[in-house]
Student: 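The structure under discussion is supplied below as structure tokens; questions concerning it will follow.
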Amino acid sequence: MFYDTETNAHGMSHDPFKAIVAPRPIGWIGTRGRDGSINLSPYSFFNIVSDTPKIIMFSSTGRKDSLRNAEETGVFTASLASRHLAEAVNASSVTVPYGTDEFALAGVTPAPGTLVDAPYVAEAYTALECRVTEILQPHTLKGGKAPSYMVFGEVVGIHIREEVIRDGRIDMALLRPIARMGYRDFSDGGAEVFELTRPAGP
């Protein structure tokens, strides 16, 4: 099948776009508001965009609380969403009024950042502390801007729990990162781990 995205006439019961761009890692974003309130929300529009320096990005569809807090304070954290915390990740996605503590709703512990004034999930196997470098809205072909806000942050600190380190590497089978598929589907990144070596050039 083929369809153009202008009409989006795919004829399916649900739009397949996000099922095609999958799996998508989940950024479990922790922030603190100017009023001292703390926020925790998962974003599946999330990834690394640079290794040197280390920069990650999460994208907020609409002006959500994580975006507001990151704009106002210039910092955020990204805790790893792993299989043992999947239910907590899902619980923190609930839509609630600004200032509601999603750490409490999800039953997880807010740990204070070491280098940034934003909390991360203490129970997470890994967490990244970030300082915002830029926030932008993507341009569209029609000359406008998408209703999404991309928050870029340079990683200034990294937390790793010792129990997931084996032989000098993070053991992905222990880490079991979850990722968003399409619809209500998620995947377990530790379910089947295999290695490939990049081929040498000619």
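Position 1 is the first residue of the sequence; numbering continues from there.
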Student: On a heavy-atom basis, which atom in P177 and which in L80 lie closest, and how many Å separate them?
Tutor: CB-CD1, 4.1 Å
Student: Are any of the side-chain heavy atoms of F152 and C130 separated by less than 4.5 Å?
Tutor: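 They are not in side-chain contact.
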Student: For a side-chain hydrogen bond (donor to acceptor under 3.5 Å, both in side chains) with Y43, tell me which candidate from S66, S59, S93 qualifies.
Tutor: S66
Student: Evaluate the side-chain proximity of K54 to I158: yes if any heavy-atom separation is below 4.5 Å, no if none is.
Tutor: yes
Student: Validate the cation-pi geometry between R24 and F45: distance from NZ or CZ to the six-membered ring centre under 6.0 Å, angle to the ring axis within 45°.
Tutor: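 Negative - R24 is either too far from the ring of F45 or too far off its axis.
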Student: Shortest non-hydrogen contact from T31 to A70?
Tutor: CG2-N, 4.4 Å
Student: Is a side-chain donor or acceptor of Q137 paired with a backbone partner of K145 at a separation under 3.5 angstrom?
Tutor: no
Student: What is the minimum heavy-atom distance between S79 and V121, and which atoms define it?
Tutor: OG-N, 2.9 Å
Student: For the residue pair Y3 and H10, categorise the inter-ring angle as parallel (less than 30°), tilted (30 to 60°) or perpendicular (more than 60°).
Tutor: perpendicular
Student: Are the charged groups of R169 and E195 less than 4.0 angstrom apart, N to O?
Tutor: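 Yes, this pair counts.
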Student: Taking the six-membered ring for Trp, are Y125 and H84 closer than 6.0 Å centroid to centroid?
Tutor: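 Judged by ring-centre distance (under 6.0 Å), Y125 and H84 do meet the cut-off.
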Student: Checking S41 against N39: is there a side-chain donor and acceptor pair closer than 3.5 Å?
Tutor: yes
Student: Side chains of E134 and M150: does their closest heavy-atom pair fall under 4.5 Å?
Tutor: no
Student: Taking only residues two or more places apart in sequence or in another chain, which ones pass side chain to side chain contact (heavy atoms under 4.5 Å, CB included) with A22?
Tutor: M181
